[in-house]
Amino acid sequence: MTNEEIKELLRIFNESGVGELELQRGKDRLRVRKAGEGVSPAAFAGPPPAPVTIPSALAAPAAAAEPEPAKPAESARADVKSPIVGTFYDAPSPGAAPFVKVGDKVEVGQVLCIIESMKLMNEIEAEVAGMIAAKLVENGQPVEYGQALFAVQPR
Amino acid sequence: MTNEEIKELLRIFNESGVGELELQRGKDRLRVRKAGEGVSPAAFAGPPPAPVTIPSALAAPAAAAEPEPAKPAESARADVKSPIVGTFYDAPSPGAAPFVKVGDKVEVGQVLCIIESMKLMNEIEAEVAGMIAAKLVENGQPVEYGQALFAVQPR
Amino acid sequence: MFQKILIANRGEIALRVICACKDLGIRTVAVYSEADRNSLHTRFADEAICIGPAKSARSYLDIPSVISAAEISNADAVHPGYGFLSENADFAEVCETSGLTFIGPSPQVIRLMGLKQMARAAMDEAGVPILPGSKGILKSAEEAEELAAQIGYPVMLKAAAGGGGRGMRVVRDAGSLASLLAQAQAEAAAAFSCGDVYMEKLVENPRHIEFQVLGDQHGNVEVLGERECSIQRRHQKLIEEAPSTAVTPELRERVSRNLRAAFKAVGYTSAGTVEFLMDAAGNLHFIEVNARIQVEHPVTEMVTGVDLVVAQIRIAMGEKLEDILPRTPRLCGHAIECRINAEHPETFAPSPGRITGFNLPGGSGIRVDTAAYQDGVIPRYYDSLVAKLIAYGSDRTQAIARMRRALDMFVVEGIYTSIPLHRRILEHPDFVAGKLDTGFLARTGLALEKK
Amino acid sequence: MFQKILIANRGEIALRVICACKDLGIRTVAVYSEADRNSLHTRFADEAICIGPAKSARSYLDIPSVISAAEISNADAVHPGYGFLSENADFAEVCETSGLTFIGPSPQVIRLMGLKQMARAAMDEAGVPILPGSKGILKSAEEAEELAAQIGYPVMLKAAAGGGGRGMRVVRDAGSLASLLAQAQAEAAAAFSCGDVYMEKLVENPRHIEFQVLGDQHGNVEVLGERECSIQRRHQKLIEEAPSTAVTPELRERVSRNLRAAFKAVGYTSAGTVEFLMDAAGNLHFIEVNARIQVEHPVTEMVTGVDLVVAQIRIAMGEKLEDILPRTPRLCGHAIECRINAEHPETFAPSPGRITGFNLPGGSGIRVDTAAYQDGVIPRYYDSLVAKLIAYGSDRTQAIARMRRALDMFVVEGIYTSIPLHRRILEHPDFVAGKLDTGFLARTGLALEKK
């Protein structure tokens, strides 16, 4: 690893939003950590947990305090997220067959589910073509903005 | 890794904004951490400064919050520290010649100064033999516990 | 009795409402934008629902998202805090039609108070002293010129739907009236989708004095004394106190009597604030009603012992004022509030960012209302209020001494704050003497905008 | 008027004294051990002097170091806080001979109050109800047996110079008296270099009730009501409140009258606390006087509006009580204090260390006295008090609601604290009903010492 390569890697790292990076290239090995990471990453992070007073609980990784945390690179799956707050329905009407089920192939624009908000039924469409890898919300369950509804394995 | 390479890497590290870096190149291994990283250095360190509200001031390295901070390895000089709170006198009586001056050779047990505390005159003796490298307190000045009085270059 | 209240706000006021709900044993639902995922109102509410991205227009100001959040969480009531949807009559109406109690005045009253010249007329009728000015909207430059000549220059043009200084113009002579009127109308139209403008006599460097009102659903109205908010920078309040050094018991009693009549007449419920200007002769002139809880409400709480947010909630549940207020309401002691903002103390440039060092002052007579914490972020999307620092004392002298002490012990690192400016103000002889007016900052040079 | 006060203490009480000095415009000198270099009292005092290593014996308890620090900083007075040198008559004496005003009672009075059986006699004379017991020191096992038979078992043996539970033994029958007396004497001799022991009737599971006294240098004494401190674990107070649910206005007035007489008779100056046990029949029995400011003084401040530390300083400057206290002293509202300690809430094992996450509760009715901050360290060398959380309300119900809310919003990460225990206590029906006694924790099982 040359210094130039390291410099470039640090730049990539800094822009990435991740907290820690470990890299092995042949015999060379690089490990970097963000300033402040690992010690007190957003001490109060996460949605309303009971106040934590137990030291061990502090080790839990926490979300960054700024919006739009970087997506983990581990997966190529695309999440379909709810664009509104409301109630999730997987079928056009009670008792009807669901719009999609796990394993189904979907096309761009295909309706995946309905989110009811203020008595309005909002159809949620696929934005990528692929296969439904997982259904993440139960029928009738309330969902918040940005909540993942389905995981799609893109084609 | 040559010292020059390390110097260059430290510069890159400092400019990068990351908190910690670990690098292995063949058999060489380098690990650096920002001042204060990992322990999160006593945000309120140091004796009564004016409350700091200016971001840049935060970069100042801070003393550890626990007592007995490690001495910097850079110097072999030994500080003679005041074992008590009181007033420093460099001579046995007003107008008399000082016990020691910079450049003097001193032996273990030789009186270096007096600290007056509650009307009592306490003689402070050298604990190492060597040369007085610096006198750090003015005659008549108050000193606190642990304050450095002289720097001695040990023999 | 409400089981669950949704708080349609963020920051310190959301936390303030959570405190009131906890004190009453009512469960809470926080709503938050993606920028507030790690904020304390999100943490300390019993439930929290993400309602949209950082931009307020798509989260805290988005009525369908807020209502949906109340629906999926089965809340029975909504507390709007201040700002955002708090004075939005449409929102209050949608709440009602969605079966949610809006904790505030009725949509009709909010609408009335939002139309400044209508509110003026309502107060005028009940004998509340109002500023000389137009009866309603200015219809033409000619009408405006005639009226201004009659009132006497300087005059002030104000947007009927206004707020925040937009659509406002000071007119010092007849020559500039027509063009300034056109400017004000254009600005008002752009800002509020309504170009209506009215005229008032300009009071130069007045004191800003406001009265706290509470009304219940049974026709009872009480006035809980006044607050002085004369320390302002460009119409932004910096320091507020209660009581005012310029209001005598007689004046307080007379205005309170008028206000009780006026607020009963309009059927006002919940908390409201009536803003006045005081001229150099000590006369009060009504300017507007803020139909919501105010940022500076804690100074009134300190001197009356009344929890105003708890009172709002209990009023919304149908309780009577006589059961909510102490038997013999009285003012006791003196309270001062400093708004600690995330802004440079000299340039006033906003200073959002991460707080890297934080120490809250405490001890006797100190109250802090804040949602900030060390390692937390003041997002750039919302207002710059970091904390409200409130000092109480048995008299103004003690309150000032305690405030100075608390400012000395308030540490915020990582961002700039207005703390140094507050220190300078609290040391100024005019402030100490209670010689306040809205020209204080400009006159004293304490807020010189260097650079 | 003092120009500069040296504070011979650390932690929250040092900061508390700094607050009082700032409120009075008096400069402050902090002293600190090497373990407290980064502590807030060191930061917020005008000057700070390191006086020794971490061990208290060589720093905060070392009289020459403290006096030297006062001399080199030209302080005119010394405030001892509580603990450390606060009830050390020798220290008070050295202060006086060094030309420093000791902010507390005279050395003679401190000495008198330190000798428990002497203090008992002084109170007895003025008509303060005391526990049946020995007139003075027990001279022999025979004398002790005779006395115990007369008083009736169970009885309590106590070290004359005692405190903190050392040199104390409960004796339930004549058979064990002689050996327990020997144990108590040996323990007292080891702990206080004085093996003197006296006897008192044991009151089982009493309430712990104490009265706050202030005396000036002109012979005036006032009593500022009582505090109830019955929630204890092994004689360590955990929760205190004012007023007590068990003290009637008549009882308060009668005891206050007796105490005024007793304290005038001994020439008491400054703040002091008179501790009583209350038996099941509601009778008070004097146990001892603490001749200093008490940890739990804030609850009295909240209900009287009197700043007790400011009062101590003004008394030491020679001011009269009538100028210091409000014209018509009265109790108003209810206050509760929870001592947040750095200890495991179940095992009570001390938990010193670095605080990695910290959020102080605020809002209406909440006061926090603390010297802790995020990234700060609770050193292992000193007591485990992290913060005093004080809730005030117009009545006890409101104070409890606010305390619960504040406990919910108090976050301390990195160390264990007693916050979870406080939450459980505040929820317990007996606590809510005001059914308190020193057996509360053991009886309710809330502080079960698991493993």
Within this structure, what is the [atom1]-[atom2] distance for the pair [X] and [Y], rounded to the nearest 0.5 Å?
X	Y	atom1	atom2	answer
C:R404	D:D23	CZ	CG	10.5 Å
D:I18	C:M409	CD1	CE	5.5 Å
C:I355	D:Q374	CD1	CD	10.5 Å
C:D375	D:D375	CG	CG	7.0 Å
C:F358	D:N359	CZ	CG	8.5 Å

Checklist line | Shortest non-hydrogen contact between C:R367 and D:G363, atoms and distance | finding: NE-C, 3.4 Å
Notebook entry, point to check: Between D:D307 and C:R402, does a side chain to side chain contact (heavy atoms under 4.5 Å, CB included) hold up when you go through it step by step?
Noted result: CA-CA 11 Å; D:D307 187 314; C:R402 287 174 167 177; 3.7 Å; yes
Next item on the list: Decide yes or no on side chain to side chain contact (heavy atoms under 4.5 Å, CB included) for C:V411 and D:R43, but give the supporting numbers first.
Entry: CA-CA 11 Å; C:V411 179; D:R43 173 173 181 145; 3.9 Å; yes
Given a strict heavy-atom distance threshold of 4.5 Å, which part of [X] is in contact with chain D: side chain, backbone, both, or neither?
X	result
C:S394	neither
C:A372	backbone
C:R16	side chain

Notebook entry, point to check: Top residue by heavy-atom pair count (under 4.5 Å) with chain D, among C:E301, C:Q398, C:K22, C:R405?
Noted result: C:R405
Next item on the list: Find the one option among D:A401, D:C19, D:G365, D:P326 whose heavy-atom pairs under 4.5 Å with chain C are most numerous.
Entry: D:C19
